[in-house]
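Since the model is a prediction, treat every value here as computed from it, not as a measurement. Here is how names work: the chains are called A, B, and so on, in the same order as the sequence lines, proteins then strands, and each is numbered from 1.
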Amino acid sequence: MPELPEVETVRDGLARHVLGREVAGVEVFRASAVRRHEAGPADFAARLTGRTLTSAVRRGKFLWLLLDGAPGADAPDGALLAHLGMSGQLLVHHAADAGRHPHLRARLHLEGQVEVQGPVQVQGQGAGGRDGDGGELVLDFVDQRTFGHLAVTGLVPTPDARPGGLGSPLTALPPAVAHIARDLLDPDLDHPALVAALRRRRTELKRALLDQTLVSGIGNIYADEALWRAGLHGTRPTDRLRPVEAQRVLDAAAAVMREALRVGGTSFDALYVDVNGSSGYFDRSLAVYGQAGRPCPRCGTPVVRTAFMNRSSFTCSRCQPRPRAARRAATGRGTA
DNA sequence: CACACGTCCTGGTAGC
DNA sequence: TGCTACCAGGACGTGT
């Protein structure tokens, strides 16, 4: 499942392989892949063609490529927005040897690298040189389940910009992302404010961690891992968390995502930009997620799976004691 | 057939 | 009562 570390790995791969290239053509194989582009697939393709990809930006699980070189004067500067949903992948291939994946939803044809104004960040050894040979590339959007999507969008000023910002490149973002909170790896995230906001919520802790308008990037997997590391149960009422507990679970989430990023980020060295979160390398390090029946790495107690919000939660009943009385965060209608 | 789950949407509730 | 903000839960979609 692509959560923040997987999306960041994709963003980094795109930054190294497709920036500076111009979109020469667009194919949409399934209209629903661009359903959030309201004007439809033809308009999607038209607005993309002729534009140059100048930057790869991410907030939480949303990722977008900034577009330069509007073909028509009426076309505003904007971005190609992508969300990978549950199974989306963005794959870069040399045009010559690009096959057709069975779940290929859309394909961008990219012309050879051109010079763009401003520095195109090329990091990683040799990555830029190999691709800068002028050969044509394709950027494929592959998505087995169909929760992911692409759209060409405008940009609005970042609503939560901080005057003393520490250097986050997020000065503008797609309207569809404007309501998404900063993530735990964002240098401009206001940590004390986040702790306060979390404790102000009147809900369960895991629900809050998954709420992208509170803090973004955390999905079901990393929520469970963070809760386990922090020794907190996901049903703990947020308004009863002590400040140190709130801080601890957020720190744990940041730590587990950084570790995943380190592993995932070193797994893709070549042109192939992959994201297949659950089959990645990090799943070997998962302590509880998907580990029902197996011993807790800390105390040996079998991990238990419980249903939660139409999905699963994995916990160690010893390391993560249930809140007493399981008083579901005072929502008015108690739990029975 | 249940299950995987991120996001959007709807309807409900609390509190002013 | 009206308004706003917030919250819970269902729908969506495809393949195993």
Fill in: Arg294(A) atom CZ: more than 12 heavy-atom contacts under 6.0 Å
no
Can you pull every protein N or O that's under 3.5 Å from an N or O on nucleotides 13-16 of chain C?
from    : atom 1 : to        : atom 2 : distance (Å)
dG13(C) : O3'    : Thr146(A) : OG1    : 3.1
dT14(C) : OP1    : Arg30(A)  : NH1    : 2.5

Looking at [options], which one has an atom nearest to any side-chain atom of [X]?
X         : options                : result
Ser312(A) : dC7(C), dT7(B), dA4(B) : dA4(B)
Arg207(A) : dC7(C), dA8(C), dT7(B) : dA8(C)
Thr203(A) : dT7(B), dA4(B), dA8(C) : dA8(C)

Item to complete: Ignoring hydrogens and angles, state whether a donor on the side chain of His101(A) or Gln89(A) is under 3.5 Å from an acceptor on the partner side chain.
Response: no
Worksheet entry | Any donor-acceptor N or O pair under 3.5 Å, side chains Thr54(A), Asp68(A) | no
Find the distance [X]:[atom1] to [N]:[atom2] and express it as a whole number of Å.
X         : N      : atom1 : atom2 : value
Arg36(A)  : dG6(B) : CZ    : P     : 17 Å
Asp211(A) : dT7(B) : CG    : C1'   : 11 Å
Leu214(A) : dC6(C) : CG    : P     : 11 Å

Practice prompt. Taking only Lys NZ, Arg NE, NH1 and NH2, and the carboxylate oxygens of Asp or Glu, determine whether Arg207(A) and Asp211(A) approach each other closer than 4.0 Å.
Written response: no
Fill in: Lys/Arg-Asp/Glu bridge criterion (N-O < 4.0 Å) met for Arg100(A), Glu27(A)
yes
Worksheet item: Base, sugar-phosphate, or nothing for His179(A), non-hydrogen atoms under 4.0 angstrom?
Response: sugar-phosphate
Worksheet item: Quick one: side chain to side chain contact (heavy atoms under 4.5 Å, CB included) partners of His83(A), sequence neighbours excluded?
Response: Lys61(A), Phe62(A), His149(A)
Discussion item. Heavy-atom nearest nucleotide on DNA chain B for Phe314(A) versus Ile218(A): which residue maps closer to 5'?
Written reply: Phe314(A)
